[in-house]
Amino acid sequence: MKALAGVDQLWVAKGKRMTHVDLKNERPPDKQLVALLTGPTGNLRAPAIRRGRKLFVGFHPEAYRENLLA
């Protein structure tokens, strides 16, 4: 999956829930990853922010504060 090339850590926010996936040690099937990354229209959920080998999808202020501003 191109969107995850070079990504080791994935954080996905849906509502108030935050899901963390360690792609380096426990990569789920692509079908499950696509379900996490896409919205109802089938497009990549927004915002999507990549920082180094980490990808953050969806808006979650606490996750941003802990991982992007540190």
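Contact check for L4 versus R27: side-chain heavy atoms found under the 4.5 Å cut-off. Contact annotation: the side chain of R53 never approaches that of L23 to less than 4.5 Å [non-hydrogen atoms, C-beta and beyond].
Side chain of R45 to main chain of V12: no donor-acceptor pair is present (N/O by atom type, distance under 3.5 Å, no hydrogens or angles).
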Would you mind writing out the side-chain donor-acceptor pairs for residues 55-62 within the sub-3.5 Å range, not counting sequence neighbours?
unit_1	atom_1	unit_2	atom_2	d
H60	ND1	A63	N	3.3

Show me the side-chain donor-acceptor pairs of residues 31-40 shorter than 3.5 Å, one per line, residues at least two apart or across chains.
unit_1	atom_1	unit_2	atom_2	d
T38	OG1	V34	O	2.7

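Sequence neighbours left out, the pairs with a member in residues 14-37 that pass ring pair (Phe, Tyr, Trp, His ring centres under 6.0 Å) are W11-H20.
The two atoms that bring E26 and V21 nearest to each other are O-CG1, 4.2 Å, heavy atoms only.
In this structure K24 satisfies the side chain to side chain contact (heavy atoms under 4.5 Å, CB included) test together with D8, D22, sequence neighbours excluded.
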